[in-house]
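So the structure is just underneath, and the comments pick up after that.
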Amino acid sequence: MICILCDQPFQPEKLIAKKIRKHPHRIQICPDCRQRITQQVEQRRLAGQTGSTLCHPADPLSSQSPKD
């Protein structure tokens, strides 16, 4: 397998390899990238940044204030 994020080859665990054979359309990432992403998500979660702020900062709709 090749990780879609870092393009490094990796050998998945036996159970994951079986799931990949059954569902080849699923995207797989290496354990290092998975751990890195998990840490970033946990840091955001602890910082209080939840899914409520999905707008991009450069998005003109997210920077407009409500009009009265």
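Along the sequence shown, residues carry numbers from 1.
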Item checked: Within-4.5 Å side-chain heavy-atom neighbours: Cys30 and Gln8 -> no

Checklist line | Nearest non-hydrogen partners of Cys3 and Phe10, listed with the distance | finding: N-CE2, 3.7 Å

Notebook entry, point to check: Transitively linked via ILVMFWY side-chain contacts under 4.5 Å: Leu5 with Val41?
Noted result: yes

Check: Considering all heavy atoms of both residues, which atom of Gln28 and which atom of Ile20 are nearest to each other, and what is their separation?
Finding: CG-CD1, 3.5 Å

Next item on the list: For Glu13, look at atom CD and say whether over 12 heavy atoms of other residues, nucleotides or ligands are found less than 6.0 Å away.
Entry: no

Checklist line | Verdict with reasoning, Lys14 to Lys18, per side chain to side chain contact (heavy atoms under 4.5 Å, CB included) | finding: CA-CA 6 Å; Lys14 289 180 100 174; Lys18 182 178 179 181; over 6 Å; no

Checklist line | Smallest separation among heavy atoms of Ile29 and Ile37, with atom names | finding: CD1-CD1, 4.0 Å

